[in-house]
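Lettering of chains follows the sequences in order, A, B, ..., and the numbering in each one begins at 1.
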Amino acid sequence: MPKKLDHEFYSREDTVQIARELLGKLLVVPDEEGRRISGMIVETEAYMGVIDKAAHSYGGRRTLRNEVSYGPGGYVYVFFVYGMYFQLNFVTAEPGQVVLIRAIEPVEGIEIMKERRGPMKDMNLTSGPGKLCIALDIDRSLNGADLEGNSIWTEEFRSITDTDVIVGKRVGIDYAAEDAEQPWRFWIKGNPYVSKTRVK
DNA sequence: CGGCTGATCGTG
DNA sequence: ACGATCAGCCGA
């Protein structure tokens, strides 16, 4: 079994670079019976903390909800939005900075993902930040989880070259003014599991 | 297939 | 009030 990406990986200074490097890594969340449920990360976004108008920690805003994002790198930040969805983030070293996992390509446990998501095409199982949390059973109980622990982790999987990476604007943050234009979203070129972005 | 809308609730 | 969203419905 491949080695887990460790705290050192997540504790480097450049959160944007970490978001880029997470493409092609395997995200694993074992189920209650210990079976591996996993997917390859195909889309990420960097949130740059206190200087980023789109970030929960913009301006140093610190609440019970976003507390974990101020902690050390290599931990999970899960939050609840729109009254019904969770979103998965990995904390990096700088205060309030995180990488949002926006989409994965199912690899192991696809039948279990289908049970959780209901009847639908494979392409739709995990192609969005809220969808993948349902498919992997990620909720508030994983907030603050250690990525070196046994409840959720990341592994080396595929090597993604720069020619296979597209860089663009982040999604769903129109309120962030000029920071909505920052090129802090990364995805794998042509991968069908990348989220369908509805522009406005 | 693109656009619109209702669902639903913790946080501030 | 209002989201780092999604599914279902509508009309074309």
Mind checking if [X] touches a base, just sugar-phosphate, or nothing, with heavy atoms under 4.0 Å?
X         : value
Ile173(A) : sugar-phosphate
Arg102(A) : sugar-phosphate
Arg117(A) : sugar-phosphate
Gly130(A) : sugar-phosphate

Pi stacking test for Phe80(A) and dG10(B): under 5.5 Å apart, planes under 30°: no
ring centroid sep under 5.5 Å plus plane angle under 30, Tyr85(A) with dT5(C): no
Round to the nearest Å and state the distance from [X] atom [atom1] to [N] atom [atom2].
X         : N       : atom1 : atom2 : answer
Arg65(A)  : dC2(C)  : CZ    : P     : 15 Å
Phe79(A)  : dG10(B) : CZ    : P     : 15 Å
Arg140(A) : dC9(B)  : CZ    : P     : 10 Å
Leu132(A) : dA7(C)  : CG    : P     : 12 Å
Ile134(A) : dT8(B)  : CD1   : C1'   : 13 Å
Tyr82(A)  : dT11(B) : OH    : P     : 16 Å
His56(A)  : dA4(C)  : NE2   : P     : 5 Å
Phe90(A)  : dA4(C)  : CZ    : C1'   : 15 Å

Provide the distance between the two [atom1] atoms, one in [N] and one in [M], to the nearest whole Å.
N       : M      : atom1 : answer
dG10(B) : dA7(C) : C1'   : 22 Å
dT8(B)  : dC9(C) : P     : 15 Å
dG3(B)  : dA4(C) : P     : 22 Å

Met84(A) side chain, from C-beta outward: closest of dT8(B), dA4(C), dG10(B): dT8(B)
Exercise: do Asn124(A) and Lys196(A) side chains pair donor with acceptor under 3.5 Å: no
Any donor-acceptor N or O pair under 3.5 Å, side chains Tyr85(A), Gln87(A): no
Watson-Crick/G-U partner (both atom distances under 3.5 Å) of dC9(B): dG3(C)
For dC9(C), the Watson-Crick or wobble counterpart (both distances under 3.5 Å): dG3(B)
Test: Glu43(A) and Arg185(A) ion pair at under 4.0 Å: yes
NZ or CZ of Arg12(A) within 45° of Tyr10(A) ring axis and under 6.0 Å: no
Phe80(A) six-ring face occupied by Arg65(A) cation (under 6.0 Å, within 45°): no
N/O (side chain, Thr63(A)) to phosphate O (OP1/OP2, dG12(B)) under 4.0 Å: yes
Under 3.5 Å: donor-acceptor pair, side chain of Thr63(A), backbone of Asn66(A): yes
